[in-house]
Amino acid sequence: QTYISASPPHLAKSYSITVLGITDPSLPNEEVKDGIKYVRVPGKLLPLYQQGIVQFLASNSFDIIHVFNRPRLVMPIRSVAPHSKIILSMHNDMFNLDKIEPNEAHAAIEEVSMIVTISDYVGNVIRSLYPQASSKIRTIYSGVDSERFLPGNHSKMESIRNRLRKEHGLEDKNIILFAGRLSANKGVDRLIRALPLLSKKHKNLALVIVGGNWFSQNKITDYVAYIRSLAKQQTVPVVTTGFVSSADIQDWFAAADIFVCTSIWQEPLARVHYEAMASGLPIITTARGGNAEVIIPGKNGFVIEDPEDPANFAEKISEILSNKSLMQSMGKRGRELAISHYNWPRVAHDIMEVWERTLQTPLPALLPEDESLQNITPPEGIDGEVLDSNQTSTLLPDEPTDEKEDKKEKKQNKNKGKKDKHKKDKHKKDKYKKDKYKKDKHKKVKTKKKDKNKESKSRKLKGKKDKKRKKAD
């Protein structure tokens, strides 16, 4: 959402932009803001969102349709936009086998002109699953607003830094910051368990954990309860803020001294890395997924190869805390990178390069009708005349993230049910066929035997009649 909201103001200087998103009670269904048209359709569930998108595109024509993170929308969109160029932007694993059927993925890859990814890691995963996509993939790293995310010693942030520290009794502390979801795969418990090792060598330490169990949520899950319990056992102060809105998150970056990302899963590339760089913080992250791609080891941070062991975090944090000039130089280098490279004008420039290249390439050949693709056609009853092209790009954001896990689990259970039913039906069908075959075979054998017996009796009867005639003669 940050990527989508930050790019259009720059893109709109050269293109007419329509952003197609989901409805919200606080927003109108259609509006024009700063020259950008916003259209919102119902979209709490993907099928509903798909229906709204297809209906809109059936009566509105675009040169480029740029779909964000939903490869499953490609074929329904193509059915009503046969002359538009389609581009996919991928920021996580939506091409994985548990998210999209292979036949649908192959069809989507065939139809799109380009696939933009937020990291090399995301692109390489797609390549490994679907090698034919390689020539279409391009990484465009994200950006950050370096005027909003500022170092704590900046004149705009000094008072905020001091206020937050005072409110939480952290005035004289070296603050280690974690910002992210409180879930096991984010691994913040390793950071808490590194504190006893760090406290042996460093005094005046504190850890601030910013985040809830999920986006915009503060539920007390088992893992959240575990984190809070673990935090209370430490001699080093640990502050857990709960969820902090994106409008206020920059304040905590300004209040901190070191940023640590503890992810133990293959993370596509968390945007907190860009925010930490812009805030002038040295970064310690993990060699999982794409996170390490924005780190120059020893220059703007360190990369932990094995994030399972808390001692590895303690070692690198200690190295920075023990060398104030290193801490300052890393923070300075990160800020320079954020301003010079990880900025929104550069992101928009890279997107426009992709758009321009796409406009110059012919449309993919139309796929022949195939029964295997019937399950990915749009809902029935959605049709409309395609209007003339108007040099417009459409950006399609993905569905709300707080429902993804529930839907994934439901889908897996549903698929399992379908598979089990299919197996049962197949077993019944096979059994029926076998039984029918046996019966038919038995009938045939029985009929043949009856026919043979009938023929034999007929011959005997004929022989007797012939003998009687001879006697009579």
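Values below: every heavy atom of this structure, side chains too, minus hydrogens, waters and symmetry copies.
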Looking at [Y] and [X], is there a salt bridge between them, counting it only when a charged N and a carboxylate O are closer than 4.0 Å?
X: E111; Y: R78; answer: yes
X: E267; Y: K186; answer: yes
X: E275; Y: R271; answer: yes
X: D172; Y: K166; answer: no
X: R40; Y: D24; answer: no
X: R138; Y: D350; answer: yes

Return the set of residues passing side-chain contact (heavy atoms from CB on, under 4.5 Å) with [X] (not counting sequence neighbours), or none when no residue passes.
X: E158; value: none
X: N124; value: D120, R127
X: Q250; value: R148, F149, M157

Nearest-0.5 Å distance that lies between atom [atom1] in [X] and atom [atom2] in [Y]:
X: E110; Y: M75; atom1: CD; atom2: CE; value: 9.0 Å
X: I64; Y: I17; atom1: CD1; atom2: CD1; value: 8.5 Å
X: S14; Y: M352; atom1: OG; atom2: CE; value: 4.5 Å
X: N312; Y: D306; atom1: CG; atom2: CG; value: 5.0 Å
X: I264; Y: N185; atom1: CD1; atom2: CG; value: 7.0 Å
X: T139; Y: Y121; atom1: OG1; atom2: OH; value: 13.0 Å

| said: Suppose we screen for salt bridge (Lys or Arg N to Asp or Glu O under 4.0 Å). Which residues come up paired with D189, at least two apart in sequence or across chains? | reply: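 By the salt bridge (Lys or Arg N to Asp or Glu O under 4.0 Å) rule, D189 matches R193.
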
| task | For side-chain hydrogen bond (donor to acceptor under 3.5 Å, both in side chains), just list the numbers for H106 and Q132, CA-CA rounded to whole Å, side-chain angles, deciding distance to a tenth of an Å, and then say yes or no. | result | CA-CA 9 Å; H106 283 293; Q132 74 272 27; 2.6 Å; yes

Heavy-atom closest contact ([X] atom, [Y] atom, distance):
X: K99; Y: M94; value: CB-O, 3.6 Å
X: C261; Y: N291; value: SG-ND2, 3.8 Å
X: V144; Y: A278; value: CG1-CB, 3.9 Å

For the pair [X] (side chain) and [Y] (backbone), establish whether a donor and an acceptor sit closer than 3.5 Å, ignoring hydrogens and angles.
X: S229; Y: A225; answer: no
X: K332; Y: G280; answer: no
X: S119; Y: G290; answer: no
X: K85; Y: D63; answer: no

| query | Does a sphere of radius 6.0 Å around NE2 in H349 hold more than 12 heavy atoms from other residues, nucleotides or ligands, not counting ones at 6.0 Å or beyond? | reply |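 No, the 6.0 Å shell around NE2 holds no more than 12 heavy atoms from other groups.
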
| task | Answer yes if the side chains of N69 and N92 hold a donor-acceptor pair under 3.5 Å, and no otherwise. | result |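 The criterion, which ignores hydrogens and geometry beyond distance, is satisfied for N92 and N69.
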
| Y3 and H91: aromatic ring centres closer than 6.0 Å? |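 Ring centroids of Y3 and H91 are no less than 6.0 Å from each other.
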
| Evaluation steps, side-chain hydrogen bond (donor to acceptor under 3.5 Å, both in side chains), between H83 and S61 | CA-CA 9 Å; H83 305 297; S61 177; over 6 Å; no

| task | Can you tell me which residue pairs pass the ring-ring contact (aromatic ring centres under 6.0 Å, His included) test with a partner in residues 160-213, sequence neighbours excluded? | result |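 Found H168-W252.
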
| request: Kindly state each residue pair satisfying ring-ring contact (aromatic ring centres under 6.0 Å, His included) with at least one member in residues 267-323, sequence neighbours excluded. | output: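 Sorted result for residues 267-323: Y274-Y342.
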
| Which is it for R165 and D257 under the salt bridge (Lys or Arg N to Asp or Glu O under 4.0 Å) test, yes or no, and what are the steps along the way? | CA-CA 12 Å; R165 284 170 161 258; D257 299 294; 2.7 Å; yes

| said: For a side-chain hydrogen bond (donor to acceptor under 3.5 Å, both in side chains) check, start with the C-alpha distance between N162 and S159, then their side-chain angles and the critical distance, and finish with the verdict. | reply: CA-CA 5 Å; N162 294 335; S159 62; over 6 Å; no

| task | Check the pair K201 / S322 against side chain to side chain contact (heavy atoms under 4.5 Å, CB included), numbers first and verdict last. | result | CA-CA 9 Å; K201 189 175 180 181; S322 302; 3.8 Å; yes

